[in-house]
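What follows is a single structure, written as structure tokens, with notes after it.
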Amino acid sequence: MKRISRLLFFLLMLIGLCSLSSCKALKQFFSNDLEDEDFIIGQLYADEYYDEPAFKPITPPSNNNQPSPNNNGGTGIVLNNKDNEKLYAAVDRWFGTPYLYGGCTTSGIDCSCFVGKVYSEVYGITLHRTAADIQKDVTLIARDKLREGDIVFFTNSNGKVSHVGIYLKDDMFAHSSTSRGVTVSQLSNTYWNAHFYKGGRHKNVTTKY
């Protein structure tokens, strides 16, 4: 409690300085490396609010493979015989869950917890809790090397890794968006394309692709 009180006092002091120095002090504070686990200042590292459009699934099966008989789910994505049905089923179960910074339940979940929950269920892998720290669990790869199950990292306006998701296929990735909650988006979307940083591959994740 003492630490939180000190942080609140510091934030109020910085806000007061804005009128004297055009918010330079506040901007400098925001650009510092802060602890992701601290709820108050952790908000600075959440992905910036983006009015995510509703997801419209791609209906044709990928790579002309035969559709799987088990392709019905919340996402509406048509699966083929190479897709990991367990991965898509896990995403379906969380699909539509509201975004909540620091949340890790069906009442609200943030991006890093969503990725962690899916990885634990589908692959039996435990990841670090924060978006930035999950990089320690994987080998970073280029965007054109992405395959099913890879983790995708995004940066905020300060250049910090602040958002993560799980790559599916056909340029689609699952994540917990600030505006839509758990959803599926396209990497080619203007916002996500501009904020994409790297992909990440865990050594124990296998795929048929």
Side-chain angles (χ1 to χ4, degrees), residues 11 14-15 18 23 26-27 29-32 34 36-60 62 73-78 87-88 90-119 127 129-135 143-144 146 148-200:
L11 284 171
L14 285 174
I15 292 170
C18 277
C23 293
L26 192 57
K27 290 179 180 178
F29 174 69
F30 283 0
S31 67
N32 289 338
L34 304 171
D36 289 326
E37 289 77 14
D38 191 307
F39 178 79
I40 297 172
I41 56 180
Q43 291 286 359
L44 305 176
Y45 283 85
D47 59 314
E48 295 145 342
Y49 185 87
Y50 166 59
D51 192 9
E52 184 90 5
F55 172 64
K56 295 180 180 179
I58 298 173
T59 53
S62 183
T75 64
I77 297 173
V78 176
L87 171 60
Y88 285 85
V91 172
D92 283 338
R93 279 191 286 276
W94 287 99
F95 196 80
T97 300
Y99 176 89
L100 177 64
Y101 179 81
C104 212
T105 70
T106 53
S107 296
I109 193 167
D110 64 22
C111 62
S112 54
C113 183
F114 167 69
V115 171
K117 289 281 191 181
V118 172
Y119 254 62
L127 299 174
R129 177 61 180 87
T130 65
D133 283 346
I134 289 175
Q135 294 177 93
R143 179 170 169 174
D144 61 357
L146 288 172
E148 181 191 76
D150 287 340
I151 296 174
V152 284
F153 296 93
F154 302 87
T155 58
N156 59 17
S157 58
N158 289 328
K160 306 289 185 180
V161 170
S162 60
H163 191 65
V164 289
I166 302 174
Y167 187 76
L168 301 175
K169 63 176 180 177
D170 298 332
D171 202 49
M172 296 181 290
F173 69 100
H175 63 129
S176 183
S177 160
T178 49
S179 60
R180 288 280 175 182
V182 176
T183 187
V184 175
S185 302
Q186 299 283 150
L187 283 176
S188 57
N189 170 282
T190 302
Y191 180 86
W192 299 117
N193 181 62
H195 289 267
F196 180 82
Y197 171 59
K198 292 282 187 181

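Since we're looking at a predicted model, the values are computed, not measured. All residue numbers refer to positions in the sequence shown, counting from 1.
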Taking the cut-offs as 6.0 angstrom to the six-membered ring centre and 45 degrees off its axis, would you call Arg180 and Phe55 a cation-pi pair? no

pair Ile134-Val161: side-chain heavy atoms closer than 4.5 Å: no

Residues in side chain to side chain donor-acceptor pair (under 3.5 Å) contact with Asp150, at least two apart in sequence or another chain: Arg201

Given the options Asp110, Val152, Ile166, Val115 meets side-chain contact (heavy atoms from CB on, under 4.5 Å) only with Ile166

Taking the six-membered ring for Trp and the single ring otherwise, decide whether the centroids of Phe154 and Tyr50 are under 6.0 Å apart. no

Heavy-atom pair of closest approach, residues Cys113 and Gly103: CB-O, 3.6 Å

Just wondering, do Thr75 and Leu168 contact through their side chains at under 4.5 Å, heavy atoms? no

Test His163 against every option in Phe196, Phe153, Trp192 by the ring pair (Phe, Tyr, Trp, His ring centres under 6.0 Å) rule and name the one that passes. Trp192

Can you check whether Val184 reaches Phe95 side chain to side chain, under 4.5 Å on heavy atoms? yes

For Thr183, give me all partners under side chain to side chain donor-acceptor pair (under 3.5 Å), at least two apart in sequence or on another chain. none

Side-chain contact test, heavy atoms from C-beta onward, threshold under 4.5 Å: evaluate it for Lys169 versus Ile77 and give yes or no. yes

To the nearest 0.5 Å, tell me how far Ser188 OG sits from Asp171 CG. 4.0 Å

Where Gly76 and Pro57 come nearest, the two heavy atoms and their spacing: O-CB, 3.6 Å

Sorted by chain and residue number, the side chain to side chain donor-acceptor pair (under 3.5 Å) partners of Ser185 (sequence neighbours excluded) come out as Glu52, His175

Report the residues that fulfil side chain to side chain donor-acceptor pair (under 3.5 Å) with Thr190, sequence neighbours left out, ordered by chain and then residue number. none

Can you list everything that forms a ring pair (Phe, Tyr, Trp, His ring centres under 6.0 Å) with Tyr119? Sequence neighbours excluded, please. Tyr123

Would you please name every residue forming a ring pair (Phe, Tyr, Trp, His ring centres under 6.0 Å) with Tyr167, sequence neighbours left out? none

Does the side chain of Lys117 come within less than 4.5 Å of Thr106's, by heavy atoms? no

Using atom types as modelled and distance alone, determine if a side-chain donor or acceptor of Asn156 lies under 3.5 Å from a backbone N or O of Asn158. yes

Please examine the side chains of Tyr99 and Ser177, heavy atoms only from C-beta on, and report whether any two atoms are closer than 4.5 Å. no

Ignoring hydrogens and angles, tell me if any N or O in the side chain of Asp170 forms a donor-acceptor pair with the backbone of Met172 under 3.5 Å. no

